[in-house]
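Following: one structure in C-alpha cells, then a few remarks.
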Amino acid sequence: MKFFVDTADVAAIAELNDLGMVDGVTTNPSLILKSGRDILEVTKEICSIVSGPVSAEVVALTADEMIAEGRKLAEIAPNITVKVPLTWDGLKTCKVLSGEGKMVNVTLCFSVNQALIAAKAGATFISPFVGRLDDINLDGMDLISDIRQVYDNYGFDTQILAASIRSANHVTQCALVGADVMTAPPAVIKALASHPLTDKGLDQFMKDWAKTGQKIV
Ligand code: E4P
C-alpha cells in the first residue's frame, strides 16, 4: 500500500520523505489555509521534495473553470495530480484532463456508485473519505472494501486512495481490505511506529543496561 501524506506542511513532508515514507502528497483548500501559504508557491515547493503524485485541488464549481484551474495547476510540475470534487462538473473535468494525459484525483467520494462513475470518467485516483463516514455513524472502511470488490469485478485500474484517515487502526484496515493508497496526516503516520509494549520493553532494557555500568561508545 502506498503512503501519501495529507498536508501542505513542507517541513513535515520533508521529514517523512527522508525516511522513505512518502509515495505522494494530498492537499485540499482547508490544508492550504492551514499552511498560510500561496497555493502555487507551496505546491511547487512540495513537488520539489516529492517525486510521487502531489494532489492540488481546483476550487471552481463549473467544468470550464475547473478545467482552466486544473491546467494551470498541472503546469506547476509533471507530478501534479489535479484534484476535482465528485460532482457532475468534476467528472466532466476528470474526463477532459485525463484525456490530456494528466493525473486526476476525484475527491469527496462517499458511495460505491460515485466511485464507479469516477472510474468510468478516467480517474487516476478515487478518494473515499473514511473518517467523515465514521463521523456520521457509518462504516467508512466498508466503503473501501466495497469499492475494491467492484473495481476488481470489472478490472478498473483507478487506484483507491483511502482519505480522511484519522488513526493507526484506519491504516491497518485499509491495508487489510486492499486500498491501493492511503493518505494520512503526518501525526497518524508517525503513530504507526508506536506500541506500548515497545515502550515498556525499552524501559526495562535501559534499566538493566544502566546496572551493567557498560558503554558501547
Ligand atoms: C484528502 O484528500 C482529504 O481531503 C482529507 O484526507 C480529508 O481528511 P479529513 O476528513 O480529516 O479533513
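Every number for a ligand or one of its atoms is a count from 1 in the order of the listing.
Regarding atom 7 (C) of ligand 1, its nearest protein heavy-atom neighbour is Phe129 CE2, 3.6 Å. In terms of protein heavy-atom proximity, atom 6 (O) of ligand 1 is closest to Asp6 OD2, 2.6 Å. What sits closest to atom 11 (O) of ligand 1 on the protein, heavy atoms only, is Arg166 NE, 2.9 Å.
Using a 4.0 Å cut-off between charged nitrogen and carboxylate oxygen, Lys190 and Glu15 count as a salt-bridge pair. Salt-bridge check for Arg37 with Glu41: passed, with a basic side-chain N closer than 4.0 Å to an acidic carboxylate O. A salt bridge does not link Asp134 with Arg166: every distance from a Lys NZ or Arg NE/NH1/NH2 to an Asp or Glu carboxylate oxygen is 4.0 Å or more.
Between Lys83 and ligand 1 there is a heavy-atom distance shorter than 4.0 Å.
With a heavy-atom cut-off of 4.0 Å, Ser164 touches ligand 1 through backbone and side chain alike.
Residues Thr62 and Asp89 have side chains that never bring a donor and an acceptor to within less than 3.5 angstrom of each other.
In this structure, the side chain of Glu69 engages the main chain of Ala60 through a donor-acceptor pair within 3.5 Å.
Distances between N or O atoms of Asn28 and those of ligand 1 include at least one value under 3.5 Å. Remark: ligand 1 and Thr27 share no N or O pair separated by less than 3.5 Å (distance only, no angle test).
Close contacts between ligand 1 and Arg132 involve ligand atoms 7 (C), 9 (P), 10 (O), 12 (O) [criterion: under 4.0 Å to a heavy atom].
Here ring-ring contact (aromatic ring centres under 6.0 Å, His included) pairs that include residues 126-147, with residues two or more places apart or in two chains, are Phe110-Phe129.
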